[in-house]
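Only heavy atoms go into these numbers, but all of them, side chains included; no hydrogens, no water, no symmetry mates. Order of the sequence lines fixes the chain letters, A, B, ..., with proteins taken first and strands second; residue numbering starts at 1 for each chain.
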Amino acid sequence: MVRQLDYHDMRAVFTRFQQAEPEPKGELEHVNAFTLVVAVALSAQATDIGVNKATRALFAIADTPAKMLAIGEERLMEYIKTIGLYRTKARNVIKLSQILVDQYGGEVPSSRAALQSLPGVGRKTANVVLNMWFHQPAQAVDTHIFRVGNRSGICPGRDVDVVERAIEDNVPAEFQHHAHHWLILHGRYICVARKPKCGICPIRDWCLYEDKTE
DNA sequence: ATCCCGAGGG
DNA sequence: CCCTCTGGAT
């Protein structure tokens, strides 16, 4: 039996998030749609801090698909070698850049199908781009949101698809667009994986998580 | 279910 | 040492 916060508690929780951070933003650095796609693709199983450290130098010389192709896979690998899974990511970014040049005039497509057809871009990355760049009602579920959603009862689910639906179905409409970043930031700084900081949690009154250490 | 895979925290 | 980090492809 999965417990899910009721409508009243959901409103209270997101009102708290909104008061603390009226305009939450992601912390992945990017300068256009292309660099956003690349940054999000690179962020798989990596911290945004580590990704930013690598992309700062990379995007200074390669902020378009054409420039990325000019650099090539070998040199790209050197830039992102400090990020996990770097071989696969380098290959995907080069392939993806080639497809954007060949099929989309060097632009980033705005449809989910086109985004997800790019190598290294799955549902989660596509949803981030749709939400952040194209301002579409898409809910990306990452490791933070999956954990926070299940612990708290905000958006529980056995897999990410169920959690995504729980957000769409149960987060009040006016909070939908910012829900992604509110939940991520909460997971990153308060509801952390190992030892959640329930002592300083702003939504503790409504959370269903049983903290046995305090 | 498995592999990919470095950096940082505890 | 072990765990975690805005996953995706096979």
Trainee: How close or far is atom P of C:dT10 from atom CG of A:L85, stated in whole angstroms?
Mentor: 15 Å
Trainee: Out of the candidates A:C191, A:P196, A:S152, only one should pair with A:H186 under the side-chain contact (heavy atoms from CB on, under 4.5 Å) rule; please name it.
Mentor: A:C191
Trainee: Test side-chain contact (heavy atoms from CB on, under 4.5 Å) on A:H30 and A:V40; report intermediate values, then the result.
Mentor: CA-CA 9 Å; A:H30 59 281; A:V40 178; over 6 Å; no
Trainee: Are more than 12 heavy atoms from other residues, nucleotides or ligands located less than 6.0 Å from atom NZ of A:K95?
Mentor: no
Trainee: Is there a donor-acceptor contact under 3.5 Å linking the side chains of A:R158 and A:N150?
Mentor: no
Trainee: So if I take residues 176-193 of chain A and measure heavy-atom distances to DNA chain C, which residues fall below 4.0 Å?
Mentor: A:H180, A:H181, A:I184, A:R188, A:A193
Trainee: Got a second to check how far A:I200's CD1 is from A:I190's CD1, nearest 0.5 Å?
Mentor: 4.0 Å
Trainee: Output the rounded distance in Å from OH (A:Y86) to P (C:dC5).
Mentor: 23 Å
Trainee: What is the distance, to the nearest angstrom, from the CZ atom on A:R112 to the P atom on C:dG8?
Mentor: 11 Å
Trainee: Starting from the 5' end of DNA chain B, give me the residue, A:R194 or A:G84, whose nearest nucleotide shows up first.
Mentor: A:G84
Trainee: Can you tell whether the side chains of A:D48 and A:R188 come within less than 4.0 Å, N to carboxylate O?
Mentor: yes
Trainee: When you check the gap from the basic side-chain N to the acidic O, do A:D63 and A:K67 get nearer than 4.0 Å?
Mentor: yes
Trainee: Tell me which residues in residues 130-155 of chain A put a heavy atom below 4.0 Å from DNA chain C, sorted by number, or none.
Mentor: A:D142, A:T143, A:H144, A:R147
Trainee: Indicate, with a heavy-atom threshold strictly under 4.0 Å, whether A:V160 touches base, sugar-phosphate, or nothing.
Mentor: nothing
Trainee: With a strict under 4.0 Å distance from non-hydrogen atoms of chain A, what nucleotide opens and what nucleotide closes the contacted stretch of DNA chain B, reading 5' to 3'?
Mentor: B:dC4 to B:dG10
Trainee: Does A:I61 have more than 12 heavy atoms from other residues, nucleotides or ligands lying within 6.0 Å of its CD1?
Mentor: yes
Trainee: Within the structure shown, what part of the strands sits under 4.0 Å from A:K81 by heavy-atom distance: base, sugar-phosphate, or nothing?
Mentor: sugar-phosphate
Trainee: Quick one: side-chain hydrogen bond (donor to acceptor under 3.5 Å, both in side chains) partners of A:R147, sequence neighbours excluded?
Mentor: A:H144
Trainee: Please say whether more than 12 non-hydrogen atoms of neighbouring residues, nucleotides or ligands are located less than 6.0 Å from CD in A:Q103.
Mentor: yes
Trainee: Residues from residues 25-53 of chain A sitting under 4.0 Å of DNA chain C, heavy atoms only?
Mentor: A:G26, A:E27, A:L28, A:S43, A:A44, A:Q45, A:A46, A:T47, A:D48
Trainee: Does the side chain of A:R11 pick up a donor-acceptor pair with the side chain of A:Y7 at under 3.5 Å?
Mentor: yes
Trainee: Could you see if A:I94 belongs to whatever hydrophobic cluster contains A:L115? Use Ile, Leu, Val, Met, Phe, Trp, Tyr and a side-chain cutoff under 4.5 Å.
Mentor: yes
Trainee: Taking atom P of C:dA9 as reference, at what distance in whole Å does atom NZ of A:K89 sit?
Mentor: 13 Å
Trainee: Does A:W206 sit in a hydrophobic cluster with other residues, and if so which ones, taking ILVMFWY side chains as linked at heavy-atom separations under 4.5 Å, directly or through other members?
Mentor: A:L5, A:M10, A:V13, A:F14, A:F17, A:V141, A:I145, A:F146, A:V148, A:I154, A:V160, A:V163, A:I167, A:V171, A:F175, A:W182, A:L183, A:I184, A:I203, A:L208
Trainee: What integer number of Å spans the P atoms of B:dT2 and C:dT6?
Mentor: 25 Å
